[in-house]
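Each chain gets a letter, A, B and so on, in the order its sequence line appears, and its residues count up from 1. Computed over heavy atoms, backbone and side chain alike; hydrogens, waters and symmetry mates excluded.
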There are 2 protein chains.
Amino acid sequence: MENRFLPSTENKILAAAKKVFIHKGWSGARMHEIAEEAKINKSLLHYYFRTKEKLFEAVFKYAFNKFVPSIKEALNSDKSLFEKIELIADQYISVLIKNQFIPLFVLHEINRNPERLYELMQQAGVRPEEFFEQIQQEMRKEKIKNIDPRQLIINLLALCVFPIAAKPLLQRVFFENDKRQYRQFLEARKKEIPAFIINSIKSG
Amino acid sequence: MENRFLPSTENKILAAAKKVFIHKGWSGARMHEIAEEAKINKSLLHYYFRTKEKLFEAVFKYAFNKFVPSIKEALNSDKSLFEKIELIADQYISVLIKNQFIPLFVLHEINRNPERLYELMQQAGVRPEEFFEQIQQEMRKEKIKNIDPRQLIINLLALCVFPIAAKPLLQRVFFENDKRQYRQFLEARKKEIPAFIINSIKSG
DNA sequence: GTCTATATTGTGATAGAC
DNA sequence: GTCTATCACAATATAGAC
(Lines give C-alpha, C1' and ligand atoms only; values in the text may rest on other atoms or scores of the structure.)
Protein backbone atom coordinates (compact mmCIF):
# COMPACT_ATOMS: atom_id res chain seq x y z
CA MET A 1 0.00 0.00 0.00
CA GLU A 2 1.41 3.34 -0.99
CA ASN A 3 2.28 6.03 1.48
CA ARG A 4 -0.22 8.86 1.22
CA PHE A 5 2.04 11.37 2.94
CA LEU A 6 5.39 11.07 1.22
CA PRO A 7 5.15 12.15 -2.41
CA SER A 8 5.48 9.38 -4.95
CA THR A 9 8.31 9.52 -7.46
CA GLU A 10 5.85 10.46 -10.15
CA ASN A 11 4.62 13.41 -8.11
CA LYS A 12 8.14 14.52 -7.30
CA ILE A 13 8.88 14.53 -11.02
CA LEU A 14 5.76 16.48 -11.81
CA ALA A 15 6.50 19.07 -9.14
CA ALA A 16 10.05 19.52 -10.41
CA ALA A 17 8.97 19.60 -14.05
CA LYS A 18 6.41 22.31 -13.30
CA LYS A 19 9.09 24.42 -11.73
CA VAL A 20 11.63 24.02 -14.52
CA PHE A 21 9.31 24.13 -17.55
CA ILE A 22 7.34 27.08 -16.25
CA HIS A 23 10.47 29.07 -15.46
CA LYS A 24 12.48 28.18 -18.54
CA GLY A 25 9.94 27.26 -21.19
CA TRP A 26 9.92 24.27 -23.48
CA SER A 27 13.29 24.74 -25.15
CA GLY A 28 15.04 26.21 -22.13
CA ALA A 29 14.12 23.34 -19.83
CA ARG A 30 16.64 20.52 -19.41
CA MET A 31 15.74 16.98 -18.42
CA HIS A 32 18.79 16.67 -16.17
CA GLU A 33 17.76 19.86 -14.39
CA ILE A 34 14.31 18.45 -13.73
CA ALA A 35 15.86 15.25 -12.37
CA GLU A 36 18.16 17.27 -10.14
CA GLU A 37 15.29 19.38 -8.88
CA ALA A 38 13.30 16.23 -8.10
CA LYS A 39 16.38 14.61 -6.55
CA ILE A 40 15.96 11.48 -8.61
CA ASN A 41 17.81 9.76 -11.40
CA LYS A 42 17.58 11.11 -14.94
CA SER A 43 16.43 7.77 -16.31
CA LEU A 44 13.37 7.78 -14.12
CA LEU A 45 11.99 10.73 -16.05
CA HIS A 46 11.82 8.51 -19.09
CA TYR A 47 10.57 5.56 -17.14
CA TYR A 48 7.54 7.56 -15.97
CA PHE A 49 6.90 9.88 -18.91
CA ARG A 50 8.85 8.35 -21.81
CA THR A 51 9.73 11.64 -23.52
CA LYS A 52 10.32 15.29 -22.74
CA GLU A 53 7.33 16.13 -24.92
CA LYS A 54 4.97 13.96 -22.84
CA LEU A 55 6.29 15.36 -19.59
CA PHE A 56 5.77 18.86 -20.90
CA GLU A 57 2.23 17.96 -21.89
CA ALA A 58 1.46 16.88 -18.34
CA VAL A 59 2.87 20.10 -16.91
CA PHE A 60 1.03 22.26 -19.38
CA LYS A 61 -2.28 20.66 -18.56
CA TYR A 62 -1.57 21.28 -14.91
CA ALA A 63 -0.87 24.97 -15.53
CA PHE A 64 -3.89 25.28 -17.76
CA ASN A 65 -6.16 23.74 -15.15
CA LYS A 66 -5.05 26.31 -12.61
CA PHE A 67 -7.29 28.79 -14.41
CA VAL A 68 -10.20 26.75 -15.53
CA PRO A 69 -12.06 26.28 -12.23
CA SER A 70 -12.01 29.93 -11.19
CA ILE A 71 -12.86 31.20 -14.65
CA LYS A 72 -15.67 28.70 -15.18
CA GLU A 73 -17.07 29.40 -11.75
CA ALA A 74 -17.17 33.12 -12.45
CA LEU A 75 -18.67 32.72 -15.92
CA ASN A 76 -21.32 30.22 -14.88
CA SER A 77 -22.53 32.12 -11.83
CA ASP A 78 -25.81 33.97 -12.31
CA LYS A 79 -24.46 37.33 -11.31
CA SER A 80 -24.76 40.60 -13.19
CA LEU A 81 -22.15 41.70 -15.70
CA PHE A 82 -20.47 44.13 -13.32
CA GLU A 83 -20.39 41.55 -10.54
CA LYS A 84 -18.84 39.02 -12.88
CA ILE A 85 -16.14 41.46 -13.91
CA GLU A 86 -15.33 42.01 -10.24
CA LEU A 87 -15.29 38.28 -9.58
CA ILE A 88 -13.09 37.41 -12.56
CA ALA A 89 -10.54 40.13 -11.82
CA ASP A 90 -10.32 39.09 -8.19
CA GLN A 91 -9.98 35.37 -8.82
CA TYR A 92 -7.70 35.71 -11.84
CA ILE A 93 -5.24 37.98 -10.05
CA SER A 94 -5.26 35.73 -6.97
CA VAL A 95 -4.31 32.72 -9.08
CA LEU A 96 -1.65 34.67 -10.97
CA ILE A 97 -0.03 36.07 -7.83
CA LYS A 98 0.42 32.53 -6.58
CA ASN A 99 1.64 31.29 -9.98
CA GLN A 100 3.65 34.16 -11.33
CA PHE A 101 5.36 32.32 -14.15
CA ILE A 102 2.21 30.93 -15.70
CA PRO A 103 1.37 33.99 -17.85
CA LEU A 104 4.62 33.95 -19.77
CA PHE A 105 4.49 30.18 -20.01
CA VAL A 106 0.98 30.24 -21.44
CA LEU A 107 1.74 33.18 -23.74
CA HIS A 108 4.64 31.20 -25.14
CA GLU A 109 2.41 28.19 -25.74
CA ILE A 110 -0.21 30.43 -27.34
CA ASN A 111 2.34 31.35 -29.95
CA ARG A 112 3.90 27.90 -30.28
CA ASN A 113 0.73 25.87 -30.57
CA PRO A 114 -2.49 27.91 -30.51
CA GLU A 115 -4.67 25.21 -32.04
CA ARG A 116 -3.94 22.65 -29.36
CA LEU A 117 -4.57 25.24 -26.67
CA TYR A 118 -7.88 26.07 -28.26
CA GLU A 119 -8.82 22.39 -28.18
CA LEU A 120 -7.86 22.20 -24.53
CA MET A 121 -10.18 25.12 -23.82
CA GLN A 122 -13.01 23.41 -25.64
CA GLN A 123 -12.46 20.17 -23.75
CA ALA A 124 -12.37 22.03 -20.46
CA GLY A 125 -15.67 23.67 -21.29
CA VAL A 126 -14.37 27.23 -21.27
CA ARG A 127 -16.56 29.10 -23.72
CA PRO A 128 -15.88 32.83 -23.95
CA GLU A 129 -18.68 32.97 -26.54
CA GLU A 130 -21.15 32.55 -23.70
CA PHE A 131 -19.68 35.44 -21.75
CA PHE A 132 -19.75 37.30 -25.05
CA GLU A 133 -23.51 36.75 -25.36
CA GLN A 134 -24.11 37.70 -21.77
CA ILE A 135 -22.36 41.01 -22.19
CA GLN A 136 -24.59 41.91 -25.11
CA GLN A 137 -27.76 40.97 -23.23
CA GLU A 138 -26.66 42.86 -20.15
CA MET A 139 -25.89 45.92 -22.25
CA ARG A 140 -29.40 45.95 -23.67
CA LYS A 141 -31.02 45.29 -20.30
CA GLU A 142 -29.05 47.88 -18.36
CA LYS A 143 -29.15 50.37 -21.24
CA ILE A 144 -25.41 50.89 -21.03
CA LYS A 145 -23.14 51.90 -23.84
CA ASN A 146 -22.98 49.40 -26.64
CA ILE A 147 -19.33 48.43 -26.82
CA ASP A 148 -17.77 45.45 -28.58
CA PRO A 149 -17.84 42.59 -26.04
CA ARG A 150 -14.57 41.29 -27.43
CA GLN A 151 -12.85 44.55 -26.58
CA LEU A 152 -14.21 44.29 -23.06
CA ILE A 153 -13.10 40.68 -22.48
CA ILE A 154 -9.65 41.27 -23.95
CA ASN A 155 -9.24 44.45 -21.90
CA LEU A 156 -10.09 42.54 -18.75
CA LEU A 157 -7.61 39.79 -19.56
CA ALA A 158 -4.91 42.25 -20.57
CA LEU A 159 -5.21 44.25 -17.36
CA CYS A 160 -4.92 41.10 -15.22
CA VAL A 161 -2.20 39.25 -17.13
CA PHE A 162 0.25 41.91 -18.29
CA PRO A 163 1.37 43.21 -14.88
CA ILE A 164 2.41 39.68 -13.94
CA ALA A 165 4.02 38.80 -17.25
CA ALA A 166 6.12 41.97 -17.24
CA LYS A 167 6.64 42.02 -13.49
CA PRO A 168 10.45 41.99 -13.24
CA LEU A 169 10.78 45.16 -15.30
CA LEU A 170 7.73 46.96 -13.90
CA GLN A 171 8.81 46.21 -10.36
CA ARG A 172 12.25 47.59 -11.15
CA VAL A 173 11.06 50.73 -12.91
CA PHE A 174 8.15 51.75 -10.70
CA PHE A 175 8.92 50.23 -7.31
CA GLU A 176 12.72 50.17 -7.04
CA ASN A 177 12.54 46.37 -7.00
CA ASP A 178 10.56 46.26 -3.78
CA LYS A 179 8.78 42.92 -3.91
CA ARG A 180 6.36 43.73 -1.11
CA GLN A 181 5.26 46.99 -2.68
CA TYR A 182 4.66 45.31 -6.00
CA ARG A 183 2.60 42.66 -4.32
CA GLN A 184 0.45 45.37 -2.74
CA PHE A 185 0.17 47.05 -6.12
CA LEU A 186 -1.18 43.81 -7.61
CA GLU A 187 -3.57 43.32 -4.71
CA ALA A 188 -4.91 46.83 -5.27
CA ARG A 189 -5.62 45.94 -8.87
CA LYS A 190 -8.25 43.43 -7.76
CA LYS A 191 -10.41 46.50 -7.09
CA GLU A 192 -8.78 48.94 -9.52
CA ILE A 193 -9.40 46.90 -12.64
CA PRO A 194 -13.14 46.37 -12.19
CA ALA A 195 -13.54 50.01 -11.17
CA PHE A 196 -11.55 51.07 -14.20
CA ILE A 197 -13.65 49.00 -16.59
CA ILE A 198 -17.01 49.78 -15.03
CA ASN A 199 -16.32 53.51 -14.82
CA SER A 200 -15.37 53.52 -18.45
CA ILE A 201 -18.55 51.73 -19.50
CA LYS A 202 -20.76 54.00 -17.42
CA SER A 203 -19.32 57.20 -18.83
CA GLY A 204 -19.92 56.09 -22.43
CA MET B 1 33.16 49.86 -53.15
CA GLU B 2 30.30 47.96 -51.66
CA ASN B 3 27.01 47.47 -53.39
CA ARG B 4 24.38 49.58 -51.73
CA PHE B 5 21.47 47.64 -53.19
CA LEU B 6 22.28 44.00 -52.51
CA PRO B 7 22.32 43.28 -48.79
CA SER B 8 25.72 42.56 -47.32
CA THR B 9 26.30 39.19 -45.69
CA GLU B 10 26.21 40.86 -42.31
CA ASN B 11 22.79 42.33 -43.02
CA LYS B 12 21.49 39.05 -44.35
CA ILE B 13 22.56 37.41 -41.11
CA LEU B 14 20.95 40.11 -39.02
CA ALA B 15 17.68 39.85 -40.92
CA ALA B 16 17.61 36.08 -40.53
CA ALA B 17 18.60 36.24 -36.88
CA LYS B 18 15.81 38.70 -36.16
CA LYS B 19 13.33 36.33 -37.70
CA VAL B 20 14.54 33.22 -35.88
CA PHE B 21 15.32 34.72 -32.46
CA ILE B 22 12.11 36.73 -32.34
CA HIS B 23 9.98 33.73 -33.30
CA LYS B 24 11.73 31.10 -31.21
CA GLY B 25 13.36 32.98 -28.36
CA TRP B 26 16.89 32.64 -27.09
CA SER B 27 16.94 28.93 -26.29
CA GLY B 28 14.64 27.89 -29.11
CA ALA B 29 16.73 29.56 -31.81
CA ARG B 30 19.31 27.43 -33.62
CA MET B 31 22.41 28.80 -35.31
CA HIS B 32 22.04 26.43 -38.24
CA GLU B 33 18.47 27.63 -38.72
CA ILE B 34 19.62 31.23 -38.85
CA ALA B 35 22.26 30.30 -41.42
CA GLU B 36 19.66 28.45 -43.49
CA GLU B 37 17.28 31.41 -43.31
CA ALA B 38 20.07 33.74 -44.44
CA LYS B 39 21.17 31.26 -47.11
CA ILE B 40 24.75 31.38 -46.00
CA ASN B 41 27.22 29.04 -44.36
CA LYS B 42 26.96 28.33 -40.65
CA SER B 43 30.56 29.32 -40.05
CA LEU B 44 29.92 32.82 -41.28
CA LEU B 45 27.67 33.48 -38.32
CA HIS B 46 30.69 33.06 -36.09
CA TYR B 47 32.94 34.97 -38.42
CA TYR B 48 30.69 38.03 -38.18
CA PHE B 49 29.33 37.76 -34.65
CA ARG B 50 31.63 35.28 -32.88
CA THR B 51 28.98 33.79 -30.56
CA LYS B 52 25.28 33.14 -30.41
CA GLU B 53 25.11 35.47 -27.41
CA LYS B 54 26.58 38.41 -29.33
CA LEU B 55 24.28 37.81 -32.28
CA PHE B 56 21.31 37.74 -29.94
CA GLU B 57 22.47 40.97 -28.36
CA ALA B 58 22.48 42.68 -31.75
CA VAL B 59 18.98 41.43 -32.52
CA PHE B 60 17.64 42.44 -29.15
CA LYS B 61 18.94 45.96 -29.48
CA TYR B 62 17.29 46.18 -32.86
CA ALA B 63 13.94 45.07 -31.43
CA PHE B 64 14.32 47.38 -28.46
CA ASN B 65 15.05 50.37 -30.66
CA LYS B 66 11.84 49.79 -32.57
CA PHE B 67 9.96 51.24 -29.62
CA VAL B 68 12.23 53.92 -28.31
CA PRO B 69 11.77 56.63 -30.93
CA SER B 70 7.96 56.56 -30.91
CA ILE B 71 7.72 56.37 -27.13
CA LYS B 72 10.25 59.11 -26.53
CA GLU B 73 8.61 61.33 -29.09
CA ALA B 74 5.23 60.93 -27.40
CA LEU B 75 6.60 61.45 -23.90
CA ASN B 76 8.71 64.49 -24.80
CA SER B 77 6.01 66.33 -26.73
CA ASP B 78 4.39 69.21 -24.85
CA LYS B 79 0.86 67.92 -25.24
CA SER B 80 -1.75 67.43 -22.55
CA LEU B 81 -2.09 64.15 -20.69
CA PHE B 82 -5.08 63.00 -22.71
CA GLU B 83 -3.39 63.88 -25.96
CA LYS B 84 -0.30 61.96 -24.94
CA ILE B 85 -2.35 58.90 -24.10
CA GLU B 86 -3.90 59.06 -27.55
CA LEU B 87 -0.51 59.50 -29.18
CA ILE B 88 1.16 56.66 -27.30
CA ALA B 89 -1.65 54.19 -27.96
CA ASP B 90 -1.67 55.05 -31.65
CA GLN B 91 2.08 54.84 -32.17
CA TYR B 92 2.60 51.82 -29.95
CA ILE B 93 -0.06 49.76 -31.67
CA SER B 94 1.22 50.80 -35.08
CA VAL B 95 4.71 49.57 -34.26
CA LEU B 96 3.39 46.35 -32.73
CA ILE B 97 1.16 45.53 -35.70
CA LYS B 98 4.20 45.73 -37.94
CA ASN B 99 6.35 43.76 -35.48
CA GLN B 100 3.99 41.21 -34.01
CA PHE B 101 6.56 38.97 -32.40
CA ILE B 102 8.31 41.69 -30.46
CA PRO B 103 6.00 41.67 -27.41
CA LEU B 104 6.59 38.02 -26.56
CA PHE B 105 10.27 38.40 -27.32
CA VAL B 106 10.60 41.39 -25.01
CA LEU B 107 8.45 39.79 -22.30
CA HIS B 108 10.74 36.80 -22.37
CA GLU B 109 13.80 39.02 -22.01
CA ILE B 110 12.10 40.94 -19.18
CA ASN B 111 11.96 37.69 -17.24
CA ARG B 112 15.37 36.42 -18.31
CA ASN B 113 17.39 39.55 -17.70
CA PRO B 114 15.39 42.49 -16.32
CA GLU B 115 18.41 44.40 -15.03
CA ARG B 116 20.11 44.63 -18.41
CA LEU B 117 16.86 45.71 -20.00
CA TYR B 118 16.51 48.42 -17.39
CA GLU B 119 20.01 49.62 -18.19
CA LEU B 120 19.16 49.69 -21.89
CA MET B 121 16.15 51.85 -21.11
CA GLN B 122 18.29 54.23 -19.10
CA GLN B 123 20.87 54.48 -21.88
CA ALA B 124 18.15 55.10 -24.43
CA GLY B 125 16.81 57.93 -22.31
CA VAL B 126 13.39 56.38 -21.71
CA ARG B 127 12.28 57.66 -18.33
CA PRO B 128 8.77 56.63 -17.30
CA GLU B 129 9.33 58.61 -14.08
CA GLU B 130 8.94 61.80 -16.09
CA PHE B 131 5.63 60.67 -17.50
CA PHE B 132 4.78 59.68 -13.97
CA GLU B 133 5.39 63.26 -12.75
CA GLN B 134 3.47 64.74 -15.61
CA ILE B 135 0.40 62.66 -14.84
CA GLN B 136 0.36 63.94 -11.27
CA GLN B 137 0.73 67.56 -12.36
CA GLU B 138 -1.95 67.18 -14.99
CA MET B 139 -4.31 65.64 -12.47
CA ARG B 140 -3.93 68.61 -10.16
CA LYS B 141 -4.25 71.14 -12.96
CA GLU B 142 -7.29 69.58 -14.61
CA LYS B 143 -8.85 68.67 -11.30
CA ILE B 144 -9.42 65.10 -12.38
CA LYS B 145 -9.59 62.08 -10.16
CA ASN B 146 -6.40 61.36 -8.31
CA ILE B 147 -5.42 57.89 -9.44
CA ASP B 148 -2.06 56.17 -9.06
CA PRO B 149 -0.03 57.16 -12.15
CA ARG B 150 1.63 53.76 -12.14
CA GLN B 151 -1.74 52.05 -12.53
CA LEU B 152 -2.47 54.34 -15.45
CA ILE B 153 0.82 53.73 -17.27
CA ILE B 154 0.69 49.98 -16.75
CA ASN B 155 -2.93 49.87 -17.89
CA LEU B 156 -1.99 51.70 -21.06
CA LEU B 157 0.89 49.32 -21.76
CA ALA B 158 -1.18 46.24 -20.93
CA LEU B 159 -4.00 47.23 -23.25
CA CYS B 160 -1.58 47.80 -26.13
CA VAL B 161 0.74 44.83 -25.65
CA PHE B 162 -1.46 41.93 -24.57
CA PRO B 163 -3.68 41.67 -27.68
CA ILE B 164 -0.54 41.23 -29.78
CA ALA B 165 1.25 38.87 -27.40
CA ALA B 166 -1.80 36.59 -27.16
CA LYS B 167 -2.90 37.11 -30.76
CA PRO B 168 -2.91 33.52 -32.06
CA LEU B 169 -5.40 32.38 -29.42
CA LEU B 170 -7.53 35.55 -29.37
CA GLN B 171 -7.78 35.53 -33.13
CA ARG B 172 -8.87 31.91 -33.01
CA VAL B 173 -11.40 32.30 -30.21
CA PHE B 174 -13.01 35.60 -31.14
CA PHE B 175 -12.50 35.91 -34.89
CA GLU B 176 -12.49 32.35 -36.23
CA ASN B 177 -8.86 32.85 -37.23
CA ASP B 178 -9.68 35.64 -39.66
CA LYS B 179 -6.44 37.58 -39.94
CA ARG B 180 -8.02 40.60 -41.62
CA GLN B 181 -10.71 40.94 -38.98
CA TYR B 182 -8.17 40.75 -36.20
CA ARG B 183 -6.11 43.42 -37.89
CA GLN B 184 -9.17 45.67 -38.00
CA PHE B 185 -9.83 44.90 -34.36
CA LEU B 186 -6.32 46.05 -33.47
CA GLU B 187 -6.67 49.17 -35.60
CA ALA B 188 -9.89 50.01 -33.78
CA ARG B 189 -8.02 49.80 -30.49
CA LYS B 190 -5.93 52.82 -31.45
CA LYS B 191 -9.07 54.82 -30.62
CA GLU B 192 -10.75 52.40 -28.20
CA ILE B 193 -7.89 52.31 -25.69
CA PRO B 194 -7.53 56.07 -25.19
CA ALA B 195 -11.32 56.44 -25.03
CA PHE B 196 -11.47 53.61 -22.52
CA ILE B 197 -8.82 55.15 -20.29
CA ILE B 198 -10.01 58.73 -20.57
CA ASN B 199 -13.66 57.82 -19.93
CA SER B 200 -12.62 55.95 -16.86
CA ILE B 201 -10.63 58.87 -15.49
CA LYS B 202 -13.41 61.35 -16.17
CA SER B 203 -16.06 59.30 -14.38
CA GLY B 204 -13.98 59.02 -11.22
C1' DG C 1 11.31 0.77 -9.66
C1' DT C 2 15.87 2.46 -9.62
C1' DC C 3 20.50 2.63 -10.94
C1' DT C 4 24.93 2.78 -14.21
C1' DA C 5 26.51 2.89 -18.57
C1' DT C 6 26.06 4.07 -23.16
C1' DA C 7 24.00 5.07 -27.58
C1' DT C 8 22.60 8.77 -30.61
C1' DT C 9 21.87 12.93 -32.11
C1' DG C 10 22.08 17.96 -31.79
C1' DT C 11 24.55 22.28 -31.33
C1' DG C 12 27.88 25.96 -30.68
C1' DA C 13 32.26 26.84 -32.02
C1' DT C 14 37.00 26.48 -34.33
C1' DA C 15 40.84 25.12 -37.72
C1' DG C 16 42.50 25.53 -41.92
C1' DA C 17 42.17 25.24 -47.13
C1' DC C 18 40.93 28.24 -50.78
C1' DG D 1 35.33 36.38 -46.86
C1' DT D 2 33.65 31.89 -47.61
C1' DC D 3 33.78 27.05 -47.49
C1' DT D 4 34.52 21.97 -45.63
C1' DA D 5 35.66 19.27 -41.96
C1' DT D 6 35.68 18.45 -37.40
C1' DC D 7 35.89 19.10 -32.38
C1' DA D 8 33.86 19.19 -27.81
C1' DC D 9 30.31 18.82 -25.29
C1' DA D 10 25.37 18.88 -24.08
C1' DA D 11 20.88 16.68 -24.31
C1' DT D 12 17.39 13.19 -25.09
C1' DA D 13 16.79 8.60 -24.86
C1' DT D 14 17.59 3.50 -24.22
C1' DA D 15 19.76 -1.08 -22.57
C1' DG D 16 20.39 -3.92 -19.12
C1' DA D 17 22.04 -5.10 -14.31
C1' DC D 18 20.18 -5.19 -9.78
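- Distances shorter than 4.0 Å separate some side-chain N or O of A:Thr9 from OP1 or OP2 on C:dT2.
- Side chain of B:Thr51, nearest nucleotide from C:dA13, C:dT14, D:dT2: C:dA13.
- For the pair A:Arg172 and B:Tyr118, the cation-pi test (distance below 6.0 Å, angle within 45°) is passed.
- With distances taken from any side-chain atom of B:His46 to the nucleotides D:dC3, C:dG1, C:dT14, the minimum falls on C:dT14.
- What separates CG of A:Asn41 from P of D:dT12 is a distance of 14 Å, to the nearest Å.
- Between A:Phe185 and A:Phe175, the angle of the ring planes lies from 30° to 60°, which puts this pair in the tilted group.
- The side chain of A:Lys52 has D:dA13 as its nearest neighbour among C:dA13, D:dT14, D:dA13.
- Here the P atom of nucleotide C:dG10 and the CE atom of A:Met31 are 17 Å apart, to the nearest Å.
- Using a 4.0 Å heavy-atom cutoff across all strands shown, B:Ala29 reaches sugar-phosphate atoms only and no base atom.
- Note that NZ of A:Lys24 is 10.0 Å distant from CD1 of A:Ile34, once rounded to the nearest 0.5 Å.
- Using bins of under 30°, 30° to 60° and over 60° for the plane-to-plane angle, the ring pair A:Trp26/A:Phe56 lands in the perpendicular bin.
- Rounded to whole Å, atom P of C:dT2 lies 12 Å from atom CZ of A:Phe49.
- In this entry the distance linking CD of A:Glu53 with P of D:dT12 reads 12 Å, nearest Å.
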Between protein and nucleotides 15-18 of chain C, what N or O pairs are separated by less than 3.5 Å?
none

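- Here D:dT12 presents its P atom at 16 Å from NZ of A:Lys54, a figure rounded to the nearest Å.
- As rounded to whole Å, 15 Å separates atom C1' of C:dA5 from atom CG of A:Leu44.
- The ring of B:Phe60 has its center closer than 6.0 angstrom to the ring center of B:Phe105.
- If you take CZ of B:Arg30 and P of C:dT9, they are 17 Å apart, rounded to a whole angstrom.
- The side chain of B:Lys42 sits closest to C:dG12 out of C:dG12, D:dA11, D:dT12.
- B:Tyr47 has no side-chain polar atom (N or O) that falls below the 4.0 Å cut-off from OP1 or OP2 of D:dT2.
- Rounded to a whole Å, the CG atom of A:Leu45 is 13 Å from the C1' atom of D:dT14.
- Aromatic ring centroids of A:Phe67 and A:Tyr92 lie under 6.0 Å apart.
- Annotation: cation-pi pair A:Lys84/A:Phe131 absent, no NZ/CZ under 6.0 Å from the ring centroid and within 45° of its normal.
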